[in-house]
Number of protein chains: 4
Amino acid sequence: MNAEPRWRRRKADRPGEIVAAAIAVFTERGFAAARIDEIAARAGLSKGAIYRYFDTKEALFRAVVTDAVRPNVRKVLDTAAAWQGGVPDLVRMLLPTVAGLAMKLPVGAVLKMVIGESRNFPELARVWHDEVVQPALSLLMRLIAEGQARGELRPGDPRTHAFSLMAPMLLGVIWRETFTPLGAGDVDLPAVARQHVETVLAGMETRR
Amino acid sequence: MNAEPRWRRRKADRPGEIVAAAIAVFTERGFAAARIDEIAARAGLSKGAIYRYFDTKEALFRAVVTDAVRPNVRKVLDTAAAWQGGVPDLVRMLLPTVAGLAMKLPVGAVLKMVIGESRNFPELARVWHDEVVQPALSLLMRLIAEGQARGELRPGDPRTHAFSLMAPMLLGVIWRETFTPLGAGDVDLPAVARQHVETVLAGMETRR
Amino acid sequence: MNAEPRWRRRKADRPGEIVAAAIAVFTERGFAAARIDEIAARAGLSKGAIYRYFDTKEALFRAVVTDAVRPNVRKVLDTAAAWQGGVPDLVRMLLPTVAGLAMKLPVGAVLKMVIGESRNFPELARVWHDEVVQPALSLLMRLIAEGQARGELRPGDPRTHAFSLMAPMLLGVIWRETFTPLGAGDVDLPAVARQHVETVLAGMETRR
Amino acid sequence: MNAEPRWRRRKADRPGEIVAAAIAVFTERGFAAARIDEIAARAGLSKGAIYRYFDTKEALFRAVVTDAVRPNVRKVLDTAAAWQGGVPDLVRMLLPTVAGLAMKLPVGAVLKMVIGESRNFPELARVWHDEVVQPALSLLMRLIAEGQARGELRPGDPRTHAFSLMAPMLLGVIWRETFTPLGAGDVDLPAVARQHVETVLAGMETRR
DNA sequence: AATGAATGAGGTTTCATTCAT
DNA sequence: AATGAATGAAACCTCATTCAT
């Protein structure tokens with residue numbers, strides 16, 4: 001009689017589908033303005049079904065924030081940790097790679113939310129700090145210190161040097177989320193990465 | 001008995017007091033979680049009185065975001081526009097100045113909100129873009145192009161160069177709002193400014 | 001592989017098992033706070049299976065309230081109806097018997113629910129009235145009237161006399177459900193029965 | 001233009017009006033089935049206004065249970081504590097008084113709820129135990145012990161004697177709430193009190 | 001000009017019930 | 001006969017906004 005069943009069983013796929021829908025809605029509206037209704041609709045579910053997989057709106061938000069980036073960060077860090085050559089060349093490789101990732105993953109939107117909701121969800125900011133920011137920063141600082149010890153890089157506080165290296169990439173990511181949708185010029189992250197890395201390395205390397 | 005009605009006191013100050021209270025609450029809680037009740041209480045008023053000065057919560061939010069920074073930006077821009085010497089020296093002066101301002105004004109908190117609410121309040125992001133970001137960026141780009149024309153600075157896309165120069169300051173501001181409250185190490189903005197400006201200028205200047 | 005489908009096991013027992021689980025959950029939580037999920041879990045079934053045996057939560061509730069006591073009441077009433085000796089001695093036997101039953105059956109908990117839900121489920125209160133309360137009361141009233149006719153008992157409204165006889169037992173049952181779990185002293189129902197029956201019979205019997 | 005204002009200020013009267021409406025709805029439906037909407041409507045208010053006076057539905061429920069009886073209990077206990085004559089005569093006065101109060105106050109309905117919700121709101125059962133039941137029981141037990149010491153009353157556990165005295169009154173109250181609305185015969189509490197007190201005293205007094 | 005009681009729309013969450021498997 | 005994913009109708013509670021005082 002009725003051609004279309006009201007719903008179909010898909011338990012295994014559901015969490016992923018819900019998180020995908022939630023990423024879209026949360027990043028578009030922010031935590032508070034996101035409505036469970038809309039997430040459910042985009043996931044092709046009823047509101048109540050969401051609660052089979054996530055106990056609260058906050059739990060869903062946490063899942064979004066943690067799932068969105070963690071896997072990709074590992075990959076980058078592992079590559080860097082396994083690097084054999086000199087520090088400057090590693091940096092030359094690393095920044096464009098990160099720029100490429102940032103272009104295709106929802107990093108920017110999630111980062112925006114982590115920043116925006118850090119007061120209301122300190123734990124999420126902590127997750128990002130502990131799993132994304134701190135590891136990346138530590139790795140960079142260690143590499144810079146090594147480069148300085150080997151005489152490849154000029155002296156200076158390694159943490160600040162790391163800021164000098166990474167900041168334009170992150171700012172570009174935020175820019176693309178915040179100002180580009182308004183009609184402000186887009187940012188070509190890989191291009192920025194290429195030019196910036198050369199500029200800053202020229203200022204950091206001992207011989208050129 | 002009391003001949004003086006209690007609200008005769010101040011009058012013209014009210015809007016400013018309300019905005020001041022609103023800055024505190026909005027930056028502490030974000031737009032959605034901020035309650036008019038609390039803003040009113042901090043302004044020493046009743047909830048209803050707020051509506052005599054601002055039609056809606058959004059209007060108050062707009063006032064906060066617009067008023068919070070505009071005046072200070074002008075000052076910096078005017079100083080820079082009036083600069084007579086070479087571009088590198090201007091930059092050497094500018095970054096620490098900005099760093100100092102960012103330490104005492106609520107720029108970071110408001111910037112965080114502008115970023116976080118940019119999807120829900122595009123006009124606010126636009127205000128910031130048009131009144132803060134774009135003017136500063138334009139000025140910097142013009143200066144850089146001039147420096148390049150005069151042979152003081154190496155070639156390269158001026159906009160990216162501007163990013164290379166400013167990004168660590170802005171990222172530091174955001175960091176202090178997002179991660180420092182969690183116990184992550186603080187960022188000494190003026191120190192970052194001093195080291196970064198020398199590093200990046202060493203990579204930008206033609207002769208050193 | 002597994003030739004035996006898992007639900008082939010029992011079959012006829014199911015309703016009884018469900019009611020048993022439901023008694024536990026309903027008496028622990030009350031009607032509204034009882035969740036079908038929990039009843040199903042305790043019965044070793046899934047939620048959906050419950051609906052094969054009971055159309056609604058209310059239907060299950062009705063089954064609980066009706067089944068919980070009916071069989072036991074019959075026994076007591078039959079014993080009393082078959083009594084051959086004098087009324088006072090019957091009462092001396094009856095009250096401790098009832099007290100003993102009340103100690104091991106969930107009468108108290110179910111009585112509590114019948115009382116608590118009587119407005120929302122008048123029919124259940126009616127079942128209890130018609131099948132438990134009224135028969136017992138009628139029997140007692142008839143016996144008392146007979147005793148008065150034979151000169152064994154003093155005059156007075158038989159219904160009130162029946163109240164005088166039975167009330168402490170019922171109140172004790174309720175007390176044990178309501179106040180004892182809070183740490184209030186327990187009630188030794190049989191002991192109360194023994195003392196009360198002697199006190200009240202001393203006031204009812206014509207010669208002592 | 002508009003003859004009737006949408007609402008009128010009546011802050012001081014509100015809590016009482018709300019509790020009165022809540023008593024009606026809670027006692028009619030029980031805690032879970034009572035809807036704030038209906039309480040508000042009966043109090044002539046909107047749903048939201050309730051929350052200006054009571055933080056949660058539970059808080060309102062607590063207010064109902066505590067407010068409904070406390071004042072009246074005090075009065076009875078004080079009268080009894082000030083009694084000068086013999087114990088039997090005090091009891092002869094006390095029971096009809098209690099019966100009269102129970103006829104005009106919502107004691108029965110509230111008692112029913114305390115019993116029905118004791119598992120979900122143990123603290124309310126405790127309030128009733130501590131403020132109503134225990135004081136009354138203690139007083140009675142003390143009076144009975146005094147009567148026994150003076151030789152007016154026969155020996156026996158005072159607590160059980162107190163049960164023997166009071167139980168029919170309480171049971172009558174519950175009966176009137178549970179079975180009378182169904183068409184079962186009403187209980188004339190004062191009449192029950194008069195006959196019961198004589199019956200039971202005849203069994204308790206040493207000389208008659 | 002100011003108050004704060006009252007409104008009412010809207011959101012999250014729960015859970016009895018249904019139904020594809 | 002059984003499962004449990006999915007539905008959808010409430011219900012509680014919040015809070016920006018209004019308006020009688």
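Just so it is clear, the structure is predicted and the values come from calculations on it, not from any experiment.
The interatomic distance linking C/Leu45 (CG) with E/dT17 (P) rounds to 17 Å, in whole Å. Per the geometry, CG belonging to D/Leu60 stands 13 Å off C1' belonging to F/dC12, to the nearest Å. In this structure, C/Asp37 atom CG and F/dA6 atom P are separated by 15 Å, rounded to whole Å. When the C1' atom of E/dT17 is taken as reference, atom CD1 of C/Ile39 falls 14 Å away, rounded to whole Å. Rounded to whole Å, the distance from CD1 on C/Ile50 to P on F/dA2 is 11 Å. Per the geometry, CD1 belonging to C/Ile36 stands 13 Å off C1' belonging to E/dT18, to the nearest Å. Straight-line distance from the CZ atom of D/Arg29 to the C1' atom of F/dA11: 14 Å, rounded to whole Å. Distance, B/Glu38 CD to F/dA16 C1': 15 Å, rounded to whole Å.
A salt bridge is absent between D/Glu117 and C/Lys112; no separation between the charged side-chain nitrogens and carboxylate oxygens falls under 4.0 Å. A salt bridge links B/Arg42 with B/Glu28; the closest basic N to acidic carboxylate O contact falls under 4.0 Å. We find that B/Arg29 and B/Glu38 are joined by a salt bridge, their nearest charged nitrogen and carboxylate oxygen being less than 4.0 Å apart.
Within the 4.0 Å cut-off from OP1 or OP2 of F/dT7, not a single side-chain nitrogen or oxygen of A/Tyr51 is found. For the OP1/OP2 pair of F/dA2 and a distance below 4.0 Å, the side-chain nitrogens and oxygens of C/Tyr53 include at least one atom meeting the criterion.
If you check F/dA16, E/dA16, F/dC13 against the side chain of D/Lys57, the one that comes closest is F/dC13. Of the candidate nucleotides F/dA6, E/dA5, F/dT17, E/dA5 has the atom lying nearest to any side-chain atom of D/Arg52. Checked against E/dA16, E/dT7, F/dT7, the side chain of A/Ser46 finds its nearest nucleotide in F/dT7. Residue A/Arg35 places its side chain closer to E/dT12 than to any other of E/dT12, F/dT17, E/dT18.
In terms of heavy-atom proximity, A/Tyr53 sits nearest to A/Pro15 at CD2-CG, 3.9 Å. Considering all non-hydrogen atoms of both residues, C/Thr27 and D/Arg119 come closest at O-NH1, 3.7 Å.
Taken together, the paired segments of DNA chain E that extend over three or more consecutive Watson-Crick or G-U pairs, each closer than 3.5 Å at both contacts, are E:2-21 with F:2-21.
Residue side chain B/Lys47 reaches the base of F/dT17 through a donor-acceptor N/O pair under 3.5 Å, judged by distance alone.
Put simply, the side chain of C/Trp128 gets close to the backbone of C/Val65: a donor and an acceptor are under 3.5 Å apart. Using a distance-only test at 3.5 Å, with no hydrogens or angles considered, a donor-acceptor pair links the side chain of D/Lys57 to the main chain of D/Ala34.
Take the nearest nucleotide of DNA chain F for B/Phe31 and for D/Phe31: the residue whose nucleotide is more 5' is D/Phe31. Ranked by how close their nearest DNA chain F nucleotide is to the 5' end, C/Ala49 and B/Thr56 are led by C/Ala49. Residue A/Asp55 is the one, among A/Asp55 and C/Glu58, whose nearest nucleotide of DNA chain E lies closer to the 5' end (criterion: closest heavy atom).
Residues C/Arg14 and C/Leu45 are in side-chain contact: their nearest non-hydrogen atoms beyond the backbone lie under 4.5 Å apart.
D/Ala34 comes within 4.0 angstrom of the backbone, heavy atoms only, and of no base. Using a 4.0 Å heavy-atom cutoff across all strands shown, D/Ala40 reaches no nucleic acid atom at all.
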